[in-house]
Number of protein chains: 2
Amino acid sequence: MVTASSKQLASSIEKNKEISINHQKLIDATIETIAKRGLADTTISHVAKQAKVSQGYANFRFKSKENLLLSSLQFLSDEYKKSWQKIFEDEHLDPVDRLLKICENDFSKKIANRNKISVWIAFYSEVKFRPSYLSVCQKQDEIYLQQMEKLIDEINTKANQKSLSAIEISESYHSMVDGLWQRILFDPKIYTNEFCKSLIIKYFKSIYQNEKKFQ
Amino acid sequence: MVTASSKQLASSIEKNKEISINHQKLIDATIETIAKRGLADTTISHVAKQAKVSQGYANFRFKSKENLLLSSLQFLSDEYKKSWQKIFEDEHLDPVDRLLKICENDFSKKIANRNKISVWIAFYSEVKFRPSYLSVCQKQDEIYLQQMEKLIDEINTKANQKSLSAIEISESYHSMVDGLWQRILFDPKIYTNEFCKSLIIKYFKSIYQNEKKFQ
DNA sequence: CAATATTGAATGATTATTCAATACAAAACT
DNA sequence: AGTTTTGTATTGAATAATCATTCAATATTG
């Protein structure tokens with residue numbers, strides 16, 4: 001009896017594993033396809049071919065194309081969130097070091113590469129017309145900004161910086177990052193990840209002139 | 001003879017006027033349609049209805065949908081360019097005043113409104129896949145950045161500001177503008193044009209701390 | 001009466017979605 | 001152990017909808 005039940009369990013896990021492999025395979029294929037062909041030219045058929053499953057299956061698995069796209073956006077969003085959440089929560093690190101790590105993350109090859117940026121921008125461009133996209137993006141932004149504000153506030157206090165509020169600095173940072181990501185897509189030869197990061201660091205340097213870590 | 005010829009001329013102008021009215025009507029309708037429904041959902045049929053001409057005519061007039069879209073992007077791009085070109089060339093104005101006018105223009109209701117921003121972002125998102133879009137956007141950006149750099153360089157010299165180069169400041173400004181435009185689209189209640197402009201001005205204030213015009 | 005502008009219905013291509021048919025694997029039964 | 005049964009996973013061809021493009025027919029203008 002025990003054996004039978006554990007066998008069943010094992011088989012069930014195995015099955016779920018298989019299922020989630022296909023699930024992730026399709027999401028990866030969606031991201032790759034959007035990056036390669038653009039959202040406008042991303043069809044179920046292209047995604048299915050990329051994922052090496054049949055067209056019918058891709059649709060069946062996610063119920064609809066819309067749902068597959070949304071799941072892919074959610075995946076990207078979660079991946080990004082995990083990467084910065086870890087940094088914000090690292091209490092061992094000095095606030096300035098945390099900020100530097102956030103910058104590093106925002107322009108790391110894993111996050112700020114042309115494939116992922118083109119997917120982000122593709123979704124951004126549709127946000128106004130698909131409330132479901134907006135809610136995924138907005139929810140993430142809000143938390144990021146909140147944590148960023150808290151962090152900047154700490155730095156402001158320590159550095160006795162009063163001319164710019166924490167909100168102002170985090171909003172400026174955030175919009176600069178968005179703008180630079182766009183630029184990486186347009187002209188990656190000029191806008192290398194290193195260049196973008198250094199631009200941002202110089203922004204902080206001009207605000208916190210006495211902080212040596214920004215030198 | 002003179003009369004005949006001038007009549008002919010008048011008629012030809014009249015005709016061109018008619019033609020260009022339809023031309024512009026379709027471009028306006030394209031921009032409105034993209035703003036209202038998104039690029040993905042912009043069909044010749046929607047644009048034609050908006051412009052109050054037949055579907056066949058819209059296509060005939062612009063040879064293809066692609067061409068209509070490109071012409072609309074070109075129109076937006078030209079309109080924007082004219083607005084900043086005038087300011088950059090205004091030699092009577094003090095460099096700092098010119099910079100302030102550029103900011104004002106970049107966040108004026110005519111330029112930074114939700115309709116136009118959503119059209120810009122729609123095209124941006126396809127830039128990687130349509131070389132023709134890229135060339136329109138890139139050409140404009142290059143000149144803007146070049147002029148901006150020249151202007152900032154003047155201000156740097158006058159203010160004896162040396163820690164940030166003119167290139168660095170103009171790149172930062174430019175990407176911040178792009179990022180803020182995006183934000184106006186996402187959350188117009190928080191990101192009002194005034195708020196965005198003041199954020200930018202504060203950026204300049206932190207760089208040129210002795211310049212009273214940024215207060 | 002030309003000549004030109006404009007229409008709108010027809011065409012063909014593309015694409016999301018459906019679903020009957022098939023492959024596959026695990027379980028039940030000799 | 002081998003065979004059959006059962007249930008699930010996956011396929012791929014058929015369907016129906018949408019859309020850009022074409023073009024013969026019609027309207028408009030000079």
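Letters A, B, ... are given to chains in the order of the sequence lines, protein chains preceding strands, and every chain is numbered from 1.
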Please report, to 0.1 Å, the donor-acceptor pairs under 3.5 Å made by any side chain of residues 141-153 of chain B, with sequence neighbours excluded.
unit_1: B:Asp141; atom_1: OD2; unit_2: A:Arg183; atom_2: NH2; d: 2.8
unit_1: B:Tyr144; atom_1: OH; unit_2: B:Asp106; atom_2: OD2; d: 2.5
unit_1: B:Gln147; atom_1: NE2; unit_2: B:Gln85; atom_2: OE1; d: 2.4

Write out the stems for DNA chain C, ordered by first number and formatted as range with range, counting runs of at least 3 consecutive Watson-Crick or G-U wobble pairs under 3.5 Å.
C:1-30 with D:1-30

Kindly write out the residues that satisfy side chain to side chain contact (heavy atoms under 4.5 Å, CB included) with B:Ser125, not counting sequence neighbours, or none if the list is empty.
A:Ile121, A:Ser125

For residues 35-49 of chain B, which residues have at least one heavy atom under 4.0 Å from DNA chain D?
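Only B:Thr42, B:Thr43, B:Ile44 qualify.
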
Distance, rounded to the nearest Å, where [X] contributes [atom1] and [N] contributes [atom2]:
| X | N | atom1 | atom2 | value |
| --- | --- | --- | --- | --- |
| A:Asn59 | D:dA16 | CG | P | 17 Å |
| A:His23 | D:dA9 | NE2 | P | 15 Å |
| B:Arg61 | C:dA5 | CZ | P | 9 Å |
| B:Lys65 | D:dT22 | NZ | P | 15 Å |
| B:Lys25 | C:dA5 | NZ | C1' | 12 Å |

Atom pairs, N/O to N/O, protein against nucleotides 7-10 of chain C, distance under 3.5 Å?
unit_1: C:dT7; atom_1: OP2; unit_2: B:Ser54; atom_2: N; d: 2.8
unit_1: C:dT7; atom_1: OP2; unit_2: B:Ser54; atom_2: OG; d: 3.2

Hey, can you tell me if B:Tyr124 and B:Trp120 have their rings parallel, tilted or perpendicular (30° and 60° cut-offs)?
tilted

B:Asp97: which residues meet the salt bridge (Lys or Arg N to Asp or Glu O under 4.0 Å) condition with it, sequence neighbours left out?
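By the salt bridge (Lys or Arg N to Asp or Glu O under 4.0 Å) rule, B:Asp97 matches B:Lys213.
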
Under 6.0 Å from the CG atom of A:Leu93, do we count more than 12 heavy atoms belonging to anything else shown?
yes

Is B:Lys65 atom NZ crowded by more than 12 heavy atoms from other residues, nucleotides or ligands, each under 6.0 Å away?
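Yes - once you tally the heavy atoms of other residues, nucleotides and ligands closer than 6.0 Å, there are more than 12.
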
